[in-house]
Amino acid sequence: MDFHRRLLSCTSLRSSRTLHALLLISGQSADILLATDLLNLYSRLGDLPAAALSFNQIPKQNIFSYNSMISSFVRHGFLTDAFLCFHRLLAVPNLRPDSFTFPVALKCCTSLEDIKKMHSLVKRSGFGTDLFVSSSLISGYSKFGSVEYAEKVFDEMPLRDSGCWNAMVSGLCQSGRDDYAVQVFNQMVQVEACVDKVTISCILPVYASLNDLLMGMSVHVYSIKHGLDSDIFVSNALIDMYSKLCCLEDARHIFDSMECRDLVTWNTMITAYEQFGDSTVVLEFFGLMKRNGLKPDILTLVSLSSAVSQIQHEGNCRAVHGFFVRRGWDEDDIFAGNAIIDMYGKMNKVKYCQDVFDRMHVRDVISWNTLITSYSQNGLANEAIEVYENMGRYEGLKPVQGTFASILPACSHIGALRKGAQIHGQTIKAGLHFDVFVGTCLIDMYAKCGKLVDAMALFVGMPISSSGPWNAIIAGHGSHGQGKKALELFSEMQREGVNPDHVTFVSLLSAFSHAGLVQLGKEYFQLMKSRYGIEPMVKHYACIVDLLGRAGHLDEAYKLIQNMPLKPDAGVWGAFLASCRIHGNVELGRLASTWLFEIDHENVGYYVLLSNLYARGGEWKGVNEVRSLAKQRSLLKTPGWSSIEVNNKVNVFFTGNQSHPQYEEMYKELVILLAKMKNIGYIPDYSFVLQDVEDDEKEHILASHSERLAIAFGIISTKPKSTLYIFKNLRVCGDCHNATKYISRVTEREIVVRDSNRFHHFKEGNCSCGDYW
DNA sequence: CTAGGGTTAG
């Protein structure tokens, strides 16, 4: 019987065990050649223990069997065992590692030190110029961040094959030295070193990250010319490149024309659709992939989790989570855990975020950042700050760019100026205060906390080359009602050679709207397309509808909505309805609300606006209708809350909340205030109350609105006549707006209220925003 | 009988 031939052609574990038994019976199991064949067979079929057993049954192992054993360990990811086996080999007399040993041995190194030691052993053993060994050295050095050593090996080679060139190019790519990688690649083309399929798959991701479609395409053409495009690695890299450069159709075309596809192919395609926001196709592909007999891996599920959170499908989210759990990935894999936290964060399930986070066995800085973002984006800013502080306290992790980018918006969100300033200090410590992203967050934080001057000082001192910081400072001035200054900054931005983008125009248009600069707003809305080539998006239409509507040009605003090429969303109709309310146009307001209730029927704010509008016009029938509608559709309303920072602590108040330790005191203050306010002419406006209750109950409801609670707390806990800074997560209620004017008069305080829309500066009974309530 | 350099991510 020819054991050797049968061992080589065997394809199942079952038959390999039969062969193993036959070997034992025929007394040939100690034959070193056959035993090594068996070892390789078991390793190829995934049974590492059996492979190791075969190895140990060999009475006197030679260099072939050692090489096979070490490479089996490496193949199965047991680097430590591979390393130990290599050292066992070194101790065997008369046995020396050969040119086959070193490439595998280099693969099981786990540090730069290991590589260096192995390098000197290579030299002593006389393999310093071996091509295979050298390319492994180059790749090993690059893997542990030492491009310099890799280059040295490369430069000292007397002759080079494509493998070494490829190792050099891929080493540079993986260390993020894109420009340098391209340089070496060009050299490679010039010296006519063979550019092969490996080179192509190394260089394609570089052109993707350099955003160089032209070069990417020419590499594609090269690969077609040389028949390399049928290689699965090349095809996969091409799909990835095209999708990253937004050529989804080209990516799809390659996918469709592939003869065989592997897991990476499917994952790349799924990720591409996920990045494009086409979640339906992601789910389709996921199904197709499974029907083609492929098992999803962590990467598949990471993309999938992002897709299902995009479509806000709770059932799918749970299914994806279950998938992770069944394989234990949710606890063991950082990537997976982080993706699940992100998913639940986007689904507004913060509780689950914390649960998943707590169960993870290992966490990295991204895990913390994701948790912070989840709290922050779900309005739980205090919790976000707590997590931020625990991060350093419990795991000694240093904040990075992403950490600041998640915690600073949380400070802006609740107006935690002191905390924000403290974190500003930490950005300096981390050497990141000049980072564009962090800098932009800092500018935004100071502006949103009412410190426009500090925001400006920071802005001026920052080296700026992108639109981010400009957008932040323009928006900052806009929300403070300084439209002219916003326009000046806009001009200056262009003098500095920075191009405005679509975000810039949102900042600019809303600045004009807040300042009532109608003519300028209309002008720049036109220029945006004609001069700057930026196609207006729904957000821009919402700004311009707000601008026209506030100024009373309701017909013009309505015409604009009717003629806009995009489908108006709740933002557009919401702005329009608010304008109708300001100008008392019941007819158009009713129209707007019909659309709104269709698009976003759960938002209680629109019902309040409409009811108020009817009440103003004396249409009590309408008021009743809205009330019963609101009652019918048990409205899922975002709870309103306000906050105020006192003595470096942020106090958050929810509407009607009585659980604050100083509630009694606050309540007493509110009663006194109310009496004083009424004395000088305040009349509560019950049309802001949707509940169908008696008038004195309505008065009570209005007086326990969260902004009132925060103001009352501010009054009892700060020095008389000092300025109060209040933050409200929704738009400030019309009655509260009016009431705050009176409060500023009776307490002789300035009161600054920032709501989800803008700043309201109350002083001596007036408000800077000039809105009519 | 054994070997190097390759594509996908939060």
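Order of the sequence lines fixes the chain letters, A, B, ..., with proteins taken first and strands second; residue numbering starts at 1 for each chain.
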B:dA9 phosphate, OP1 or OP2, under 4.0 Å from A:Q275 side-chain N/O
no

Would you tell me if any nitrogen or oxygen in the side chain of A:S71 comes within less than 4.0 Å of OP1 or OP2 on B:dT2?
no

Quick one: sort the A:F255 and A:W266 rings into parallel, tilted or perpendicular, breaks at 30° and 60°.
perpendicular

Whole-Å gap separating P (B:dT8) and CG (A:D297)
13 Å

With respect to the side chain of A:K197, which nucleotide from B:dG5, B:dG6, B:dA9 is positioned closest?
B:dG6

Look at the side chain of A:P103 and decide which nucleotide, out of B:dT8, B:dT2, B:dA3, has an atom nearest to it.
B:dA3

Kindly say whether, by distance alone, the side chain of A:D161 makes a donor-acceptor pair under 3.5 Å with the base of B:dG5?
no

Going by atom types only, do A:H220 and A:D229 share a side-chain donor-acceptor pair under 3.5 Å?
no

Has A:E274 got a side-chain atom pairing as donor or acceptor with A:Q310's backbone, closer than 3.5 angstrom?
no

Within this structure, what is the CG-to-C1' distance between A:L238 and B:dG6, rounded to whole angstrom?
13 Å

What's A:N369 touching, base or sugar-phosphate or nothing? Going by heavy atoms closer than 4.0 Å.
nothing

Roughly, in whole Å, what's the span from CD1 in A:I200 to P in B:dG5?
18 Å

Please report, rounded to the nearest Å, how far the C1' atom of B:dA9 is from the CG atom of A:D364.
12 Å

Rounded distance in Å - CZ (A:F55) to P (B:dT2):
16 Å

How would you label the contact of A:I334 with the nucleic acid (heavy atoms, under 4.0 Å): base, sugar-phosphate, or nothing?
base

Exercise: do A:T268 and A:N236 side chains pair donor with acceptor under 3.5 Å
no

Could you give the CZ-to-P distance, from A:R44 to B:dT2, as a whole number of Å?
10 Å

ring centroid sep under 5.5 Å plus plane angle under 30, A:F233 with B:dT7:
no

Tell me the interatomic distance from A:F102, atom CZ, to B:dA3, atom C1', rounded to whole angstroms.
12 Å

Which part of the nucleic acid, if any, lies within contact of A:D240, taking any heavy atom under 4.0 Å across all strands shown: a base, the sugar-phosphate backbone alone, or nothing?
sugar-phosphate

Counting the atoms with a prime plus P, OP1 and OP2 as sugar-phosphate, which does A:V234 contact under 4.0 Å by heavy atoms, base, sugar-phosphate, or nothing?
base

When you get a sec, tell me which of B:dC1, B:dT8, B:dA3 is the closest nucleotide to the side chain of A:H4?
B:dC1

Regarding A:L131, tell me which of base, sugar-phosphate or nothing describes its non-hydrogen contacts under 4.0 Å with the strands shown.
base

Please tell me whether A:E151 and A:Y141 have a donor and an acceptor in their side chains that are separated by less than 3.5 angstrom.
no

Can A:F132 be said to stack with the base of B:dA3, given centres closer than 5.5 angstrom and planes under 30 degrees apart?
no

To the nearest angstrom, how far is A:I203 atom CD1 from B:dG5 atom C1'?
13 Å

Remember a base hit wins even if backbone is also touched, and classify A:V302 as base, sugar-phosphate or nothing at under 4.0 Å, heavy atoms.
sugar-phosphate

Which nucleotide in the set B:dG6, B:dT2, B:dT8 lies at the smallest distance from any side-chain heavy atom of A:V264?
B:dT8

Indicate, with a heavy-atom threshold strictly under 4.0 Å, whether A:K107 touches base, sugar-phosphate, or nothing.
sugar-phosphate

Nearest heavy atoms of A:A319 and A:R326, plus distance in Å:
O-NH2, 4.4 Å

A:S99 has its side chain closest, among B:dC1, B:dA3, B:dG5, to B:dA3

Indicate whether the side chain of A:Y42 and that of A:H20 have a donor and an acceptor atom separated by less than 3.5 Å.
yes

Of the nucleotides B:dT7, B:dA9, B:dG5, which one has an atom closest to the side chain of A:F335?
B:dA9

Closest contact, heavy atoms only, A:Q61 versus A:L95
O-CD2, 3.6 Å

What about A:S136, does its side chain sit under 3.5 Å from the base of B:dG4 through a donor-acceptor pair?
no

Would you say the base of B:dG6 and the side-chain of A:D231 have a donor-acceptor pair closer than 3.5 Å?
yes

Using a cut-off of 4.0 Å on non-hydrogen atoms, how would the nucleic acid contact of A:S134 be classed: base, sugar-phosphate, or nothing?
nothing

Under 4.0 angstrom between A:Q61 side-chain N/O and B:dT2 OP1 or OP2
no

Taking OP1 and OP2 of B:dG5, is either one under 4.0 Å from a side-chain nitrogen or oxygen of A:K143?
no

What nucleotide among B:dA9, B:dG5, B:dT2 has an atom nearest to a side-chain atom of A:L299?
B:dA9

Let's test your reading of the model: under 3.5 Å, does the base of B:dG5 pair with the side chain of A:T199 as donor and acceptor?
no

When we call it a touch if two heavy atoms are under 4.0 Å apart, what does A:S170 touch: a base, just sugar-phosphate, or nothing?
sugar-phosphate

What's the closest nucleotide to the side chain of A:F64 if the choices are B:dA3, B:dG5, B:dC1?
B:dC1

Examine the base of B:dG4 for any acceptor or donor lying under 3.5 Å from a partner atom in the side chain of A:S135, and report the outcome as yes or no.
yes

